[in-house]
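Below, all heavy atoms of this structure are taken into account, side chains as well, without hydrogens, waters or symmetry copies. Order of listing sets the numbers, starting from 1, for every ligand and every atom in it.
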Amino acid sequence: MLRPAFPMLIVALLSHTVHAAADEFSPRVRTLVSQMTLDEKLAVVQGGRDPAYAGEAGYIPGVARLGIPALRLADGPANVFNRYETTALPQPISLAATFSTDLAARYGELLGREARATRTDVLLGPMVNIMRLPNWGRNVTSSGEDPFLIGQIAAAEVLGIQSTGTLANAKHFLANNQALHQGGGLGGAEGANFVIDERTLHEIYLPGFESVLRAGVASVMASYNRTNGFWNAENAANLTQVLRQELGWNGFVVSDWHANRSTQSINAGLDMEMPGPGPQYLTGREGPKWGPRLKAAVEAGQVNIATLDRAVSRVVTQMERFGMLDGKREAAPEDIPVATHAEFARTLAAQGAVLLKNAGAALPLTPAMLKNIVVIGPTAAQLAVGPGVSGFESRFVSPLDALRAQAGDGAKFEYVAGYDLTGSAIPTAALIATGGSAGLTRQALDGSAAGVDAKLDFVGADALPTGRGYTWKAMLHAPASGDYTLAVQSWGGSGMLKFQGEAKAWSAAVRFGHGVPRKNSSVIPTRDGLDNAQTSVKLEAGKTYAIEVEGQAEPEQRMQIRLAWITPQMRDESRAAAVAAAKNASAVLLFAWARSGEFDDPDLALRLPDGQDAFVDAVASANRNTIVVLNSSSPHDMPWLTKVRAVLQMWFPGQEGGWATTDVLLGKANPGGHLPMTFPVKATDNAALDPRHPERYNGVANTVTYSEGIFTGYRHFDESGITPLFPFGYGLSYTTFDYSALKVTKSDNGLNVVLAVKNTGKLKGSTVPQVYVGRPARTAVAMAPQVLAAFTRLELAPGESRSVQLHVARRQLSYWSVASHSWEVATGARPVRVGVSSRDIRLTTTTIVE
Ligand code: BGC
């Protein structure tokens, strides 16, 4: 299973792993629970109010009288998300692209340490949901489309996290693979029923969870959606039958935030409700479903006290296991070793970077290319740290500044924005206040004063007073017809933008950050450091539109706030300037970006947002040495691909991403990543977006059916003979590797695969031998043409050779039988292929599987 890259760590952890059957509690846990009052029991399973609140997502009070400590739960998954400064790592999709369990274990260890250093007990990660859709907002925190890869990466990460005394949490259970119709969450909406058959669940959607359960993950999060008829927080088939009876796990299940819908959920196997009535609770919600209601249900005999005891015991069992009941817990570090952790973040971002195209060895940049290079794009001049992370802000260095610092004397850089994400304050001339004068009508929220402001642009020295709130209203008229970006930009207070009476954008809103404002509304903040919440609207010349902004300063801060726009004319002018500059450059580095978040991208065409595709095309037409750097986390169709020299997928590279991007561009690091997902040529090539199957994504009659079954990701592309834009497992290097001498032998519990790998190029680099096992000629059930069954990652010096040994477990040779409800090996002659991607197979042999 896991390669013990940290032999000590893994041995130590396995001894921690709980092997007891589900729901056998220790005498100590039983005694403690028997001493608790009903209220005390609730204080172990119900979110509460933290007297020392530090921006964490959830809090369990515990029972001090009995030595049961409080628990603080914080997100995950790419940094510890609370009020403290913590390292912003590259996003999980970048980690998955490394195909490295060693790096995953170190990623987890770093997160675990930082959690402890910032008083967090449970880290809400890793996310082990499969990437089923190219437009899912959460692709960024996923480990891609293959269940085996996800399981290996996530299990290593869990071992790393838990080696530090932090409890890990695997989320979101189960089949939570799209935001559309999932229900619950920020929107609070009713959702669809997600229907998945037993075999598909076992082969595709469960293995990631199973793998972390076997690694001893302390907790699992029940997701918002409904599967096979039941909300996941009250789904006995999943929470009890699968987790406990089938997999024998004895950790605790916590609801996703606001995912719990009843008191009866405890009977189905939910052990903890989140959030409690603290600052994490979204306003406008009805209140926790447990708390006083669960107490009443127990008192009325509707919920058996033994059921509550079971939930309490599961939580306390994990506390006992982690030494939290007796002071034997792994000691918490006093502070974060900022520089060491930054070093890891930088290395990882380069190791996860995927070189998608490199025609004529355009990269690494040569002195000739660097002579007079034009750099374009907002994420070149400002670091795209990543969605949902903050990081040590003082360390942020943009790729452009890092390039200038690293490229040496002969290099010359000119920066042209090309497209701007900040825009400028909407001018007085475009605004009509109540009563007809130019500007906006301002009203204080306490009703104290009204007046007219020429513009809504209170930044720097003009920031508004501490603690005050205002609304601004105006009619907006457009100078020309076209697509406009409107933005409310703020810091030191939150902003909300309404267009034609409808709320469209929220800046620095504490409700999205568990009481802590963030600068994550767009891919980067404004150039002057405000959170930048945008919306796109079509405006017609001559018409007027109602616009309203509400701003509320933080209790102890002055509020900077601006109402900005980007007009079609501004956009055209800045793009034209960039194309003109590109013409005479020795080369162009064009940074393109796409947003990412909890919601799906409604644009199913896989386009880059804000018309960037046409812009990339125009730049590439002006300069044949155009190199595209992507800050995104999902597949895009890249209609300009043949026109550019190189494409480097940097994902969202974390707080050291400027340096890491530069390391790769200049060849100080060799990009080592491989795609953990398939990039389709067009969205409809993806199984779930096949227009003949509306039930797969949009749903039919409020039911989303995973009718593609096991044929998801590359399994579908292979089965249907569809050529992808870039296949699963793909990634280029600055060096070349030769694979040879494949030998496959049987072992007791699977296959042993041996091969030789040689670095035949001139630079040090990493390669990822991927073992794919094919199906036998005749199968009892429909099987995928091939599945990833083993992989490793190794770094070789130029000329260096190494013999590589991999193990294919029997599980990877098996399918889930719905007749026997168990795994059955698919026997017969099975092809064993070793490739550098799922479509670039270097060695093949056949072995008889019995
Ligand atoms: C997300 C979870 C997260 C939780 C707590 C939810 O909205 O789905 O991933 O852990 O909030 O912040």
Assess Arg106 against Phe344: is NZ or CZ under 6.0 Å from the centre of the six-membered ring, and within 45 degrees of the ring's axis? no
For Thr240, the side chain to side chain contact (heavy atoms under 4.5 Å, CB included) test, sequence neighbours excluded, returns Gln245
For Glu246, give me all partners under side chain to side chain donor-acceptor pair (under 3.5 Å), at least two apart in sequence or on another chain. His202
Quick one: side chain to side chain donor-acceptor pair (under 3.5 Å) partners of Glu203, sequence neighbours excluded? Arg199
Which parts of the protein, at residue level, reach under 4.0 Å of ligand 1 through a heavy atom? Ala57, Asp75, Leu124, Arg138, Lys171, His172, Met221, Tyr224, Asp256, Trp257, His514, Glu598
In this structure, is the centre-to-centre distance between the rings of Tyr697 and His181 below 6.0 Å? no
For Arg518, is there an ion pair with Asp75 - N to carboxylate O distance below 4.0 angstrom? no
